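Following: one structure in C-alpha cells, then a few remarks.
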Amino acid sequence: MDNSNQKNKAVIHLGAEQIVIERRYRALGAINDALIAVWFLIGSIFFFYDSLMTDGTWLFVAGSLQLLLRPVITLAELIHVKRSYNRRRN
C-alpha cells in the first residue's frame, strides 16, 4: 500500500475484524457542514419574501436533518469496522 495513503488511516486489528479510521469521514463531515450552511443561508434569504417562505421552511428542515447526520458521520469515523480477510488458507 502507498505510504502516503497509510498515513491517512489508523488500523486496529480485532481478530477477523479491523477498525479503520480514515480521512474520508472528515471530508464527508466537511461537505455535510457546508451544505447545512448553504441550506440555512438560502432558507434565511427566502424568509424575506412571502412567496418563498414555504421553500425556505423546507430548506431549514433539510438543514436540520443534516444536523442529525453530523453525529452519525462522527461515529462512523470513530468506529469503522471493516472485515479483514485472512489471506492464508489452512
Side-chain angles (χ1 to χ4, degrees):
M1 181 172 282
D2 184 318
N3 213 11
S4 64
N5 191 20
Q6 193 64 11
K7 290 180 185 177
N8 292 336
K9 67 172 139 180
V11 179
I12 302 167
H13 297 279
L14 299 170
E17 306 285 326
Q18 63 184 1
I19 297 174
V20 180
I21 302 170
E22 299 182 11
R23 289 183 185 256
R24 64 181 172 192
Y25 292 106
R26 303 256 175 155
L28 184 60
I31 291 167
N32 184 61
D33 288 349
L35 286 173
I36 291 168
V38 168
W39 303 148
F40 278 98
L41 178 62
I42 294 171
S44 297
I45 292 168
F46 280 10
F47 260 70
F48 288 121
Y49 306 98
D50 289 335
S51 62
L52 296 174
M53 202 169 289
T54 299
D55 294 330
T57 302
W58 280 110
L59 289 172
F60 288 145
V61 170
S64 298
L65 289 173
Q66 281 188 269
L67 284 172
L68 286 173
L69 188 59
R70 290 179 85 191
V72 172
I73 293 171
T74 301
L75 286 172
E77 178 184 6
L78 296 172
I79 309 168
H80 178 116
V81 179
K82 180 179 177 183
R83 212 167 274 292
S84 174
Y85 295 99
N86 187 353
R87 293 183 183 201
R88 292 181 293 175
R89 299 209 176 187
N90 296 347

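Starting from 1, each residue takes its place in the sequence as its number. Note that the coordinates shown come from a computational prediction; the quantities given were computed from them, not determined experimentally.
- Scored by the side chain to side chain contact (heavy atoms under 4.5 Å, CB included) test, Leu69 finds Asn32, Val72, Ile73 as partners (sequence neighbours excluded).
- Every residue meeting the side chain to side chain contact (heavy atoms under 4.5 Å, CB included) condition with Phe60, not counting sequence neighbours, appears here in chain and number order: Phe40, Ser44, Phe47.
- Every residue meeting the side chain to side chain donor-acceptor pair (under 3.5 Å) condition with Asp33, not counting sequence neighbours, appears here in chain and number order: Arg70.
- By the criterion of side-chain heavy atoms lying less than 4.5 angstrom apart, applied directly or through intervening Ile, Leu, Val, Met, Phe, Trp or Tyr residues, Tyr49 is not grouped with Met53; the two fall into different hydrophobic clusters.
- Sorted by first and then second residue, the side chain to side chain donor-acceptor pair (under 3.5 Å) pairs involving residues 50-65 (not counting sequence neighbours) form an empty list.
- In this structure, Val38 is a member of the same hydrophobic cluster as Phe48, with clusters built from ILVMFWY side-chain heavy atoms closer than 4.5 Å.
- For Ile31, the side chain to side chain contact (heavy atoms under 4.5 Å, CB included) partners two or more places apart in sequence, or in a different chain, are Leu35.
- The salt bridge (charged side-chain N to carboxylate O under 4.0 Å, His left out) analysis of residues 34-44, with sequence neighbours excluded, yields no pairs.
- Here the closest non-hydrogen pair linking Leu52 and Phe46 is O-CB, 3.5 Å.
- In terms of hydrophobic clustering, with Ile, Leu, Val, Met, Phe, Trp and Tyr side chains grouped at heavy-atom distances under 4.5 Å, Leu67 and Leu65 are assigned to different clusters.
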